[in-house]
Amino acid sequence: MSDSQESQRTILELRDITKVYQLGGEEIRALDGVSMKISEGEFMSIIGPSGSGKSTLMHILGCLDSPTSGTLNLDGQAIQNATPRQLANIRNRKIGFVFQFFNLLPKLNVLQNVELPMIYSGISARERQERCMNALKMVQLADRRKHRPAELSGGQQQRVAIARALVNNPRIIFADEPTGNLDSHTGELILDLFHNLHAEGRTLVLVTHDPTIAAITPRRIEIRDGKIATNVDRRLAGIEK
Amino acid sequence: MNLWNTIATGFREILAHKFRSLLTMLGIILGVSSLVAMSATVKGMENGLKEALEEAGGLRAIRIEYEDDLPLRQRHLADQATGITMHDVYALQQSAPLARRITPLIEMWGFRRGALARFGGRRTRPYKFAGTWPDVLTIEQHELAYGRMFNAFDDEEARSVCVIGTDVRDDLFGSPEKLGREEIPIGKTITVNSQPLTIIGMFRHYESESFKKRKEALAKENEALIAAGKEPRNPRMRDEFIFRLKNSSIYIPLNTMLLKFRTAVHARAGADAQLTTLKMEIDDAKQLEPALQQARNVLMFTHKGIEDFAFRTREDDAGEITTSISDARRSGGIIAAISLIVGGIGIMNIMLASISERVREIGLRKAVGATTADVFVQILVESTVIAILGGLLGLLTSFGLIQLIENLTPESNAPMLTATPMIIAFACSVTIGVLAGLFPAIKASRLHPIQALRYS
Ligand SMILES: Nc1ncnc2c1ncn2[C@@H]1O[C@H](COP(=O)(O)OP(=O)(O)OP(=O)(O)O)[C@@H](O)[C@H]1O
Ligand SMILES: [Mg+2]
């Protein structure tokens, strides 16, 4: 055990998480006894084949879904005991989520989409405007703020979704396949963005299929059939730092 | 999330589906406008009837009529029934202190045979030709515009004089509209059933407030039409019956009637003069019951117990008016309530469709931090905004509807818009919007973020 890890505070801790779906009497174990710890400021990726349960895990980590059994501790708070209002508040302030399928609201323009989390945290209109513009500048889309999502390319939509995840200044950012449908150039742009966020000290968790992306993150978890197959931490292995 | 943002979101949602929202509002629009229009119509009806009632002498007038249909147990006494006579008048004057201005009338109604009035080559059949005493002026609430009423001397000497209404003048001498000036035929001699009568007075023209307004509006409209070089409109407009009746009448002294029109009134030679009607007045409508009792006692005595007379008061009519108005109000209210409820169901239906169409949106809002309450309020605000807009449009529509009804109803019953039904209708529509939104709002707010996001 190195000192550097000892000094990092644990922000997320999973213990024996299972998620079971009932489909016509048949049980699907999307997650089967997952336990792990994520420290503050960590940059990690989750890989695994399609249907292995990556998105399910992310949703549980992001307090969007509740596990069938097991406990989840986020920033010292036991999530399984939280009220719906507390959960909404955690999702609003502590977590930024980039969905696998963007999930932008088609009737709102870019600015209004990015603004959405702040509307629910009661931030004044002027501050919302300012912070939206900052977030959009970070993803280099400030000039598209009046466009509707349908008028943007897939990569641009993904960047809007990232801006929305960042805008409320969350401690943890989850991104489900953030580079999934993008060309390599845009993918790099987004990865650069993640590196910057990591450098700012935020905790980042990415889901990806792409081994080359997984290779750049310090920690990598592989999921198979709802179980953690490998858990590689290059800092622990002494490969890095 | 503050309320303004929520309301703005609701408006955006409605504006995004203008046509659908309008269809949704239709039920509310119909409900509100029918409620308001119905109230205005009933109010107009009530006003017209009250005005007519007032014009006919109000609640303080009592009419006693000859009743040839005796009660069954008195049928065998029919040949001894005297009818209403001058003897009754004098007896009432002596012994019924609550009754005032007891006035005998011999009336000939234009509906059956009636009187025929002529002047020059023109002729007319007035609705009413009556011989009476000067007090009839007060009892029937007549006002003279020109000349004078006949007095006790005219009556005593049975002078051949008469007082006429403006419609009689219009028919015999020409109306102001046709002549372009008002003809005042005082001093002219006309004949009624070939008996010459000199006109000594003419009543003012009677018309209801609403009829007057309509006429003025039409005149203005026609002025505009003429200015634009078009044919003026000439719709058939008729005022409430009581006003027409008062305008189309000729009054003469009672004795003149008795002497000059003997055959016409079937006065029995030697017998006490038989009257068709006896009118009187009481000081206070509250004394109606005792006054009726007094008069009844007197008449029972003079008629030797034979009930060949009947009392008519305006109270009977007033009671009927009140019940028919509340009936109209109730049935109109039920219709409006049904369309408001249908409107509410329409809103609920659309809100349910709208949330199942927006499951992803709601899920996303919850994923980025919307609480159950935020989503609940958002949906509720949307349905309320629809209902409020529907209510406002309904109020606008009701103005048009009232305009339409105004052209269909008799002028004296022109609908009258008052604030209360507008407020009630609007409040109802808002309440219904809130109620209709409750169920969809609960349903939407219970959506689980992840189920909503996976839904497609
Ligand atoms: N709502 C649901 N009902 C039933 N089964 C579900 C549901 N959601 C997910 N599953 C199942 O759980 C398993 C894991 O799904 P998940 O979406 O987590 O996979 P994934 O690893 O993200 O796949 P991909 O890489 O294709 O996105 C799959 O077998 C899936 O069919
Ligand atoms: Mg997935």
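Being a predicted model, the structure only gives us computed values, none of them experimental. Lettering of chains follows the sequences in order, A, B, ..., and the numbering in each one begins at 1. Heavy atoms only: backbone and side chains are in, while hydrogens, waters and symmetry mates are out.
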>> For Gln80(A), is the CD atom crowded, meaning more than 12 foreign heavy atoms sit under 6.0 Å from it?
In response: yes
>> So which atom in Ile28(B) and which in Gly344(B) form the shortest heavy-atom distance, rounded to 0.1 Å?
In response: CD1-N, 4.3 Å
>> What part of Ala16(B) gets within 4.5 angstrom of chain A, counting heavy atoms only: side chain, backbone, both, or neither?
In response: side chain
> Contact part of Phe101(A) toward chain B, heavy-atom cut-off under 4.5 Å: side chain, backbone, both or neither?
Replying inline: both
> Taking everything shown except Arg15(A) itself, do over 12 heavy atoms lie less than 6.0 Å from its CZ?
Replying inline: no
> Which bit of Arg93(A) comes within less than 4.5 Å of chain B, counting heavy atoms only: side chain, backbone, both or neither?
Replying inline: neither
> Among all residues two or more places apart in sequence or in another chain, which pass the side-chain hydrogen bond (donor to acceptor under 3.5 Å, both in side chains) test with Arg85(A)?
Replying inline: none
> Non-hydrogen atoms of chain B under 4.5 Å away: do they reach the side chain of Thr56(A), the backbone, both or neither?
Replying inline: both
>> Just checking Asp225(A): does its CG atom have more than 12 heavy atoms from other residues, nucleotides or ligands closer to it than 6.0 angstrom?
In response: no
>> With chain B as the partner, which of Leu116(A), Ile123(A), Asn103(A) has the greatest number of non-hydrogen pairs under 4.5 Å?
In response: Asn103(A)
>> Need one label for Leu108(A): side chain, backbone, both or neither, based on atoms under 4.5 Å from any heavy atom in chain B.
In response: side chain
